[in-house]
Amino acid sequence: MKDLFLLDPGLVFLNHGSFGACPREVLAAQHRWQHEMERNPVAFLGRRSAEALWDARRVLAGALGAQPQDLVFVPNATTGVNTVARSLPLQPGDEVLATDLEYGACDATCAPARTTGASRCRCPSTARRWWRA
């Protein structure tokens with residue numbers, strides 16, 4: 001698995017969630033897209049990119065068994081969590097559950113639940129013991 005990434009071979013990298021290292025194959029695809037954009041930025045951003053994003057949604061939808069129009073791309077996981085969490089019609093009596101391993105920015109997303117009358121519960125994780133070992 002390690003040879004799929006450009007990471008220093010002596011490094012044990014456990015932070016893919018925050019800044020994640022991209023697999024070599026993903027980096028190669030990013031470079032191809034970047035080169036296509038740089039060859040003609042106006043044509044790419046003005047016309048080609050919307051079609052390319054729609055094609056990507058179609059492929060992803062097929063893999064997930066979803067409809068392309070039901071999928072959106074977000075710049076990062078935190079934005080995705082925020083978008084979904086803030087779209088929930090929470091009401092008094094609802095409860096938002098999270099573990100004590102939540103990433104800070106995503107954990108903060110749950111705070112506005114209090115303004116709706118919903119409560120928030122942080123459940124202790126047994127994984128916390130492993131983390132401290």
Answer yes or no: is there a side-chain heavy-atom contact under 4.5 Å between Gln30 and Cys22? yes

Leu64, Val84: one ILVMFWY side-chain cluster at the under-4.5 Å cut-off? no

In the single-linkage hydrophobic clustering (I, L, V, M, F, W, Y; side-chain heavy atoms under 4.5 Å), do Leu11 and Met1 co-cluster? yes

Co-membership, hydrophobic cluster, residues Trp33 and Val26, 4.5 Å side-chain: no

Does anything in residues 56-72 pair up under salt bridge (charged side-chain N to carboxylate O under 4.0 Å, His left out), and if so which pairs, sequence neighbours excluded? Asp55-Arg58

Are Phe13 and Leu4 connected in the hydrophobic side-chain network, where two residues link if heavy atoms are under 4.5 Å apart? yes

Tell me, which pairs form a salt bridge (charged side-chain N to carboxylate O under 4.0 Å, His left out) where one or both residues lie in residues 23-45, sequence neighbours left out? Glu36-Arg48

If you measure only the distance, is there a donor-acceptor pair under 3.5 Å linking the side chains of Thr79 and Asn82? no

Quick check: closest heavy atoms across Leu60 and Phe73, and the distance to 0.1 Å? CD2-CE2, 4.3 Å

Linked, directly or transitively: Trp54 and Leu71 (ILVMFWY side chains, under 4.5 Å): no

Looking only at heavy atoms, what is the nearest atom pair of Leu7 and Ala21, with distance? CD2-CB, 3.7 Å

Set out, in order, the CA-CA distance, both residues' side-chain angles and the distance that settles side-chain contact (heavy atoms from CB on, under 4.5 Å) for Glu95 and Leu97, then state yes or no. CA-CA 6 Å; Glu95 188 172 32; Leu97 301 176; 3.8 Å; yes

Kindly determine whether Gln91 and Thr116 satisfy side-chain contact (heavy atoms from CB on, under 4.5 Å), including the steps that lead there. CA-CA 6 Å; Gln91 301 173 25; Thr116 66; over 6 Å; no

Nearest heavy atoms of Gln67 and Ala61, plus distance in Å: C-CB, 3.8 Å

How would you list, by chain and number, every residue that makes a side-chain contact (heavy atoms from CB on, under 4.5 Å) with Ser49, sequence neighbours excluded? Phe44

